[in-house]
2 protein chains.
Amino acid sequence: MTSIRPRPATITDIARQAGVSTATVSYVLNDAPAGARIPEETRARVRAIADELGYVPHANARSLRTGSRDLVLYVHFDVVHGPLATGFLYEFTRALRDLGYTLMQYGAERHRGVKAARSWAALRPAAVIAGDDRLTPAGVALLLKAGIRVFGMGSDPAAAKGTGLSTLVMDHRAIGLAAGRDLLERGYRDLAVVVPVDPPLRVMGEGRLEGVREAAAEVGASVRVHEMAYSPGSAAGIVAAWGEEGLPEGVFGYDDEFAGLLLGALLDAGVDVPGRVGLMGADDVMLCRMLRPTLSSVRVESESPEEIARRVVESITEGTEVHLSPWSPVPVRRQT
Amino acid sequence: MTSIRPRPATITDIARQAGVSTATVSYVLNDAPAGARIPEETRARVRAIADELGYVPHANARSLRTGSRDLVLYVHFDVVHGPLATGFLYEFTRALRDLGYTLMQYGAERHRGVKAARSWAALRPAAVIAGDDRLTPAGVALLLKAGIRVFGMGSDPAAAKGTGLSTLVMDHRAIGLAAGRDLLERGYRDLAVVVPVDPPLRVMGEGRLEGVREAAAEVGASVRVHEMAYSPGSAAGIVAAWGEEGLPEGVFGYDDEFAGLLLGALLDAGVDVPGRVGLMGADDVMLCRMLRPTLSSVRVESESPEEIARRVVESITEGTEVHLSPWSPVPVRRQT
DNA sequence: AGGCGTTGGTTATGCGATTAAGCTAGGTTA
DNA sequence: TAACCTAGCTTAATCGCATAACCAACGCCT
């Protein structure tokens with residue numbers, strides 16, 4: 001238990017011990033073609049020493065020398081991810097890795113705009129994927145100027161077109177549309193939609209609302225809107241309001257969790273679900289299958305993460321702007 | 001829309017444009033004390049050019065030169081995190097940042113043991129925090145040899161003591177103990193405990209089971225054990241088995257999600273919960289408050305993330321082994 | 001004997017930054 | 001007038017690694 005802090009071994013250490021130059025060590029350890037002219041005997045000796053010292057190449061030093069960038073930075077929303085997003089992220093990480101890139105997640109950034117952009121740019125990633133709540137035009141410009149591709153999650157692809165900002169978004173309007181149509185098919189004409197108050201979620205909620213409105217317009221149904229916080233109390237408040245103004249026939253609860261809270265509040269109020277009120281969530285997480293009565297949902301299926309990774313990498317290598325929206329909504333009816 | 005891939009500006013670029021040496025630029029941009037001898041006029045010129053070029057220092061180059069390491073690597077379990085873990089991670093990230101460290105999350109590592117350790121070590125982090133399912137003694141040894149502190153999540157602190165491996169664990173035995181005692185206080189003497197089959201979860205499940213057994217032994221109650229997958233079908237299977245062998249009085253469902261699935265299956269089978277069977281989860285996530293009937297739970301409260309960050313940093317700077325178990329269980333009874 | 005090819009390496013350079021140690025021109029002091 | 005400051009820089013080394021270019025020694029051929 002020596003108290004001297006160990007320093008990682010370097011090729012210089014290996015070279016010294018093996019009695020060769022650092023160049024030779026580098027050639028051997030990288031199986032470099034030029035190193036074909038190093039006899040097996042020397043190679044073995046170098047490798048043995050590297051092994052003994054526990055040598056691991058210094059990724060930063062290497063990429064500084066070669067100028068290569070293989071880091072993709074994923075900056076978390078300031079919102080706790082659902083299992084859907086987390087699962088996608090895992091597979092996406094794997095897919096990127098197979099293409100030679102390393103995806104790192106960076107959470108809870110305190111800054112936004114130029115300040116945040118500077119802290120990301122310091123890491124010299126090949127690309128940054130961040131929520132649009134973290135991005136400002138000036139921040140995006142800074143990153144692009146440094147040759148870093150930027151993907152906005154939640155940014156409007158139409159608005160981004162031509163600015164250099166790429167997008168990787170979920171089409172919330174389409175989700176709302178699918179949910180709305182499903183409720184309308186069940187015969188409901190008096191709909192209610194919940195929109196989260198929490199800022200990062202609100203934007204998505206408004207997109208989903210827009211989709212429901214579009215569906216309702218097709219058949220001339222009405223849509224009420226309620227703001228809701230992610231808490232049982234807020235759900236109870238909305239149900240209480242419905243007590244005053246009359247219950248809606250069909251409710252789209254933004255996602256499964258908000259819908260789940262509404263379900264609890266409805267049951268507490270003695271409302272028959274789905275007999276009196278049909279309730280629909282979105283994301284189709286395991287949660288839906290726990291609730292009794294069950295919850296209908298809109299499952300969001302994503303294109304293969306491999307395909308998305310491929311297109312992101314293409315954008316990096318070509319330096320081009322791409323707009324990806326790899327999720328498509330599939331209604332899952334569990335209520336009759 | 002030039003198609004030339006832009007390269008980030010360097011201090012050399014700035015120096016050239018400002019007509020000074022790179023040393024001067026470095027002094028100016030770092031407000032170095034030795035740079036006190038650079039007149040405001042020159043400083044302003046350098047800063048203006050840096051700004052115009054969108055200069056951002058190259059973190060890797062800097063840390064290569066200074067030898068400093070400020071990266072803390074958090075390697076995800078191969079399991080989707082619950083909101084509890086995610087929320088903790090956010091605050092922990094912030095706290096570490098305030099202490100000058102950057103926490104990066106790295107997910108879906110395909111390797112384990114030495115192979116994984118090598119890929120982490122290449123990044124020259126100050127510390128690695130990883131699930132014990134990713135760590136082997138050889139891998140830990142490699143990291144320690146490179147001066148990288150290693151924190152095992154889930155590793156047994158008693159076994160780790162003296163090996164150099166630090167631990168950051170949840171005391172699952174204590175959670176089981178709290179759950180068991182709560183159920184026993186309600187008068188139940190015939191208990192059932194669910195253990196997840198999924199390998200990373202199984203270990204935690206067994207720890208929780210041990211705690212329940214300890215509580216049961218105190219009063220001479222019986223404990224049945226059931227393996228369960230995270231699926232409605234598996235839950236239904238267990239409830240069906242109870243149909244054969246008789247219902248238990250109290251059930252500890254490992255966590256809220258497994259307990260939620262069990263609740264659904266019990267209701268489907270027409271079992272009165274909590275009248276006939278008392279059910280308890282753990283983690284006290286929002287889910288508990290959606291379910292009807294409600295679920296009792298064991299909330300796991302963590303010490304302030306700031307305090308944990310402080311102790312992790314202390315371990316890094318001192319090079320010492322620490323054992324942290326900053327979560328304590330608090331039963332939350334929602335069933336009567 | 002001189003030229004050539006091959007083997008088995010070495011030397012030198014640079015990636016972007018930091019930083020200790022100089023160096024020069026002008027002014028001040030003895 | 002020589003010695004000494006001081007301001008305002010610059011030079012050069014270095015971190016760990018990759019890689020193009022070079023070179024010494026040897027054997028072989030002509």
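Order of the sequence lines sets the chain letters (A, B, ...), proteins ahead of strands, with each chain counted from 1.
Counting to the nearest Å, the P atom of C:dG14 and the NE2 atom of B:His58 are 18 Å from each other. One interatomic measurement links the two molecules: CG of B:Leu64 to P of C:dT19, which rounds to 13 Å at whole-angstrom precision. Between the C1' atom of C:dC15 and the CZ atom of B:Arg7 lies a distance of 9 Å, rounded to the nearest Å. The CD-P distance, from A:Glu41 to C:dG9, rounds to 8 Å in whole Å. Going from atom CZ of A:Arg124 over to atom C1' of C:dC15 covers 12 Å, rounded to whole Å. One can place CG of B:Asn60 at 16 Å from P of C:dC15, the figure rounded to the nearest angstrom. Here C:dT7 presents its P atom at 15 Å from CD of A:Glu40, a figure rounded to the nearest Å. Taking atom CD1 of B:Ile11 as the reference point, atom C1' of D:dT11 lies 14 Å away to the nearest angstrom.
Under the rule for a side chain to side chain contact (heavy atoms under 4.5 Å, CB included), the partners of B:Arg69 that lie at least two apart in sequence or sit in another chain are A:Pro8, B:Arg124, B:Ala126, B:Ile148.
The rotation axes computed at either terminus of the helix from C:dA1-D:dT30 to C:dA30-D:dT1 lie 90° apart, taking five pairs at each end and rounding to 10 degrees.
Relative ring orientation between B:His76 and B:Tyr74 is described as perpendicular, the plane-to-plane angle rising above 60° on a 0-90° scale split at 30° and 60°.
The closest donor-acceptor contact from the side chain of B:Arg311 to the backbone of B:Val322 lies at 3.5 Å or more, if one exists at all. B:Gln105 places no side-chain N or O within donor-acceptor distance of the main-chain N or O of A:Tyr106, the cut-off being under 3.5 Å. A donor-acceptor contact shorter than 3.5 Å is absent between the side chain of A:Asn30 and the backbone of A:Ala32. Of the possible polar contacts, none joining the A:Asp98 side chain to the A:Ala95 backbone as a donor-acceptor pair under 3.5 Å is found. Formation of a donor-acceptor pair under 3.5 Å by the A:Arg94 side chain with backbone atoms of A:Glu306 is not found in this model.
Counting any heavy atom pair closer than 4.0 Å across all strands shown, B:Ser26 reaches a base atom. Within the 4.0 angstrom heavy-atom criterion, only backbone atoms of the sugar-phosphate kind lie near B:Asn30; the bases stay farther away.
When all heavy atoms of A:Leu123 and B:Ala59 are compared, the pair lying nearest together is CD2-CB, 4.3 Å.
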Nucleotide N/O of nucleotides 8-10 of chain D paired with protein N/O under 3.5 Å:
residue, atom, partner, partner atom, Å
D:dG8, N7, B:Arg37, NE, 3.0
D:dG8, N7, B:Arg37, NH2, 2.6
D:dG8, O6, B:Arg37, NH2, 2.2
D:dC9, OP2, B:Thr42, OG1, 2.6
D:dT10, OP1, B:Ser21, N, 3.4
D:dT10, OP2, B:Ser21, N, 2.7
D:dT10, OP2, B:Ser21, OG, 2.8
D:dT10, OP2, B:Thr24, OG1, 2.7

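Salt bridge status for B:Asp70 with B:Arg62: absent, with no side-chain N to carboxylate O gap under 4.0 Å.
Residue A:Arg62 has no polar side-chain atom (N or O) positioned under 4.0 Å from OP1 or OP2 of C:dC15.
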